[in-house]
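Working notes, beginning with the structure itself.
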There are 2 protein chains.
Amino acid sequence: MKKVTMADVSRQAGVSKSTVSQYLNGRFNYMSSETKDRIQRSIEELGYSPNSVARSLRQKKTKTIGVIVANILHDFSTQVVRAIEDYCHACGFTVIICNADDQPDKERHYIDMLRAKQVDGLIVFPTNANSELFQGLVKENYPLVFIDRFIEGVRVNNVLFDNKKAMSLAVQTLRGKGYERIGLVTASLEGAITPRQERRDGFMAAMEEQGLPIHDEYIQSSNIDQIKDVLADMLQSTERPEAIIAGNDRVLQEVLKTMKQNDIDVPKEIGLLTIDDVTFAEFYNPAITAIAQPTYEMGRKAAELLLEEIDGTKGSKKQTYRFEPSLQLRHSC
Amino acid sequence: MKKVTMADVSRQAGVSKSTVSQYLNGRFNYMSSETKDRIQRSIEELGYSPNSVARSLRQKKTKTIGVIVANILHDFSTQVVRAIEDYCHACGFTVIICNADDQPDKERHYIDMLRAKQVDGLIVFPTNANSELFQGLVKENYPLVFIDRFIEGVRVNNVLFDNKKAMSLAVQTLRGKGYERIGLVTASLEGAITPRQERRDGFMAAMEEQGLPIHDEYIQSSNIDQIKDVLADMLQSTERPEAIIAGNDRVLQEVLKTMKQNDIDVPKEIGLLTIDDVTFAEFYNPAITAIAQPTYEMGRKAAELLLEEIDGTKGSKKQTYRFEPSLQLRHSC
DNA sequence: CTGAAAGCGCTTACAG
DNA sequence: CTGAAAGCGCTTACAG
């Protein structure tokens with residue numbers, strides 16, 4: 001149970017702590033190989049392993065970053081997080097994930113906690129209600145990257161999906177299949193959440209571009225747990241849409257449940273296309289046509305940008321990176 | 001950018017660091033309310049927030065635990081992790097997740113790293129190849145809990161699914177539906193991974209109990225990426241099984257792909273039941289009958305056990321906790 | 001009711 | 001080529 005420390009090693013090896021520290025950090029410019037051997041042997045004999053808390057305190061860096069996810073229930077988030085972890089681990093960084101659960105005060109709480117833990121930087125899917133807090137971090141030059149969403153006026157690197165292009169691709173695809181009355185279902189628009197907002201706007205623009213009529217009743221946004229009702233209404237209307245776009249993976253689930261409950265045949269009775277590719281899309285009956293985000297690339301990019309900022313090597317010009325949608329054409333439309 | 005420290009606060013408030021520290025830790029037994037006010041005001045004015053790295057070094061505890069998941073690709077793992085995080089956050093603990101990716105050396109690496117970071121304890125889904133390492137931790141009295149899998153001879157608290165009962169329930173259910181030639185597909189049995197092993201054994205036992213014939217060709221275990229082939233063979237055989245049990249969520253995906261590719265109608269041509277409930281089970285066509293693990297309860301239990309061990313309140317008798325399966329009867333069999 | 005001092009386990013100029 | 005010393009930002013007996 002007794003922890004062995006550097007002092008123990010130095011005593012055992014008959015050298016000073018400084019020397020052990022140099023050895024550990026690979027600074028053996030002029031270290032005699034005899035000394036090295038002695039230290040190495042002592043380390044092994046004692047089973048020493050360095051205490052990185054002490055190291056962090058001294059060096060004022062923890063080689064740890066924090067990730068605050070707005071809502072971990074999205075497959076998108078999970079995949080992005082995976083990419084971030086892969087990249088960071090490869091670079092010797094640890095990552096701490098926190099789930100804000102779409103609650104601004106949880107987000108705030110986690111930011112405080114992570115900063116107290118002295119994490120070297122933060123990647124966040126922001127909730128859009130703590131902009132002063134983020135402004136403060138920016139002013140301090142605290143390494144910070146936004147992903148999936150951004151906040152107007154907060155100057156950080158943003159890693160975003162090209163939602164406009166995605167919607168244009170979606171509408172074009174459906175149009176190409178002969179659908180004209182197209183509906184869109186997204187999660188609640190409250191809180192001005194970037195992707196939902198942009199997808200809705202992008203949808204409008206794309207419909208117009210394609211010269212398709214926009215029916216307000218076909219464009220619905222509501223809380224996840226109310227989507228089934230909203231959708232059922234839409235499907236019962238006298239002239240229902242010929243095809244529907246699900247705004248994200250969570251919405252898709254609700255759409256599929258509704259279709260099943262109401263015994264609606266996809267694609268015979270109604271076409272379906274979703275934003276976000278999901279595991280089961282490929283083997284669902286019918287296989288679901290999806291517009292995929294390059295989740296892995298996006299996560300990796302966010303991690304790269306953050307670690308660069310932490311290194312302080314690159315200049316600090318902040319940018320917004322938009323990632324391209326890709327169409328996975330299957331059988332639901 | 002300049003960090004404000006406790007010394008700054010004490011100077012501003014005109015008291016000693018000790019007093020500030022007492023204040024922060026809520027030990028104001030005899031502190032004058034005037035002093036308290038002064039300190040509080042200084043903290044706000046300076047925007048002070050305590051450095052938990054320093055605190056951790058001093059107190060020799062980090063209020064952080066590590067979780068090492070064997071393979072994060074299982075929904076089960078993700079859900080368990082979520083439960084662990086919820087419980088730990090509620091108790092003021094941070095959690096660091098690492099994915100061993102089924103590789104014992106990654107597991108070893110993460111254990112070292114987490115210990116260097118001085119985490120207060122570990123919850124692990126062990127790979128079964130580092131038993132000496134774990135033995136070492138146990139000998140040191142290092143707080144450690146296993147979940148999902150266990151290792152023979154390592155005396156820790158184990159949180160496990162009752163796989164035997166699950167298989168018995170599975171076989172019974174199928175039997176009740178009139179199926180007699182039942183197959184089982186699991187992921188590779190290499191590495192003696194607890195749930196697979198136990199599910200297979202449990203399957204055998206249950207079949208025998210039910211007086212059903214065991215056909216060796218119907219019992220297959222292989223790497224995830226070979227399951228499709230194995231299964232296709234099984235389905236092509238002259239007398240194919242009437243129903244199939246998928247050993248876990250990843251296997252289920254492969255089974256569904258194969259069914260789809262070979263145009264096999266579930267449940268008309270073959271019955272299907274899976275271990276592990278998955279998001280899409282409910283709205284898949286057909287809805288999939290599943291035997292669910294109480295993932296949330298299991299994660300929570302593991303977290304509780306670990307935090308108790310860290311507190312050192314409870315005695316240290318180690319136990320194995322088995323969690324009950326529950327049947328989600330749907331339409332795939 | 002409050003403060004001075006030691007110490008947690010490292011790293012890092014600096015001296016020799 | 002190696003060591004003594006200071007210090008990172010806290011907490012905690014202990015003294016008064």
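Model, not experiment: these values are computed from the prediction.
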What's the OH-C1' distance between A:Tyr23 and D:dT2, to the nearest Å?
-> 16 Å
Sequence neighbours left out, what passes salt bridge (Lys or Arg N to Asp or Glu O under 4.0 Å) with A:Arg108? Give chain and number order.
-> A:Glu132
Integer-rounded Å distance: D:dT2 C1' and A:Arg38 CZ = 11 Å
Verify the neighbour count for atom CD of A:Gln319: are there more than 12 heavy atoms of other residues, nucleotides or ligands below 6.0 Å?
-> yes
Only one of A:Tyr321, A:Phe134, A:Phe125 clears ring pair (Phe, Tyr, Trp, His ring centres under 6.0 Å) with A:Phe146; which?
-> A:Phe134
Could you tell me whether B:Ser18 contacts a base, only the sugar-phosphate backbone, or nothing, with contacts defined as non-hydrogen atoms closer than 4.0 Å?
-> base
Should A:Thr19 be listed as having a side-chain N or O under 4.0 Å from OP1 or OP2 of D:dG3?
-> yes
Compare side-chain N and O positions of B:Gln59 against OP1 and OP2 of D:dT12 and report whether any pair is under 4.0 Å apart.
-> yes
Can you run through DNA chain D from 5' to 3' and write each base as (, ), [, ], | or . depending on how it pairs? Watson-Crick or G-U wobble, both distances under 3.5 Å.
-> |||.||||||||.|||
Atom-pair distance (CD on A:Glu34; P on D:dT2), nearest Å | 8 Å
Without swapping roles, check the side chain of B:Asp102 against the backbone of B:Asn71 for a donor-acceptor pair under 3.5 Å.
-> no
Where the side chain of A:Arg58 is concerned, which of C:dT12, D:dG3, C:dG7 is the nearest nucleotide?
-> C:dT12
For A:Arg300, side-chain hydrogen bond (donor to acceptor under 3.5 Å, both in side chains) partners two or more places apart | A:Glu304
Distance below 4.0 Å between B:Lys60 side-chain N/O and C:dG9 OP1 or OP2 | yes
Find the distance A:Lys117:NZ to D:dC8:P and express it as a whole number of Å.
-> 22 Å
Ranking D:dC10, D:dC1, C:dC1 by distance to the side chain of A:Thr35, first place goes to D:dC1
Are A:Thr5 and C:dC8 close enough that a side-chain N or O sits under 4.0 Å from OP1 or OP2?
-> no
Please name all residues satisfying side-chain contact (heavy atoms from CB on, under 4.5 Å) with A:Ser21, sequence neighbours left out, ordered by chain then number.
-> A:Met6, A:Asn25
Please report, rounded to the nearest Å, how far the C1' atom of D:dT11 is from the CE atom of B:Met6.
-> 7 Å
Inspect the surroundings of CD in A:Glu190 and state if more than 12 heavy atoms from other residues, nucleotides or ligands are less than 6.0 Å away.
-> no
Within residues 42-98 of chain B or reaching into it, pairs that qualify as ring-ring contact (aromatic ring centres under 6.0 Å, His included) - sequence neighbours excluded = A:Tyr110-B:His89
Round to a whole Å and report the spacing from CG of B:Asn25 to P of D:dT12.
-> 7 Å
Once you round it to whole Å, what is the distance between P of D:dC10 and NZ of B:Lys61?
-> 17 Å
For the side chain of A:Leu57, starting at C-beta, report the closest nucleotide among C:dT12, C:dG3, D:dC8.
-> D:dC8
Any donor-acceptor pair under 3.5 Å from A:Arg149 side chain to A:Ile193 backbone | no
Under 4.0 Å from any atom of DNA chain D, heavy atoms only: list the residues of residues 44-55 of chain B that qualify, in numerical order.
-> B:Tyr48, B:Pro50, B:Asn51, B:Ala54, B:Arg55
Do NZ/NE/NH1/NH2 and the carboxylate oxygens of A:Glu297 and A:Lys301 come within less than 4.0 Å?
-> no
Distance in angstrom units between B:Lys17 NZ and D:dT12 C1', rounded | 12 Å
Using only side-chain N and O atoms of B:Ser16, determine if any of them is under 4.0 Å from OP1 or OP2 of C:dG3.
-> yes
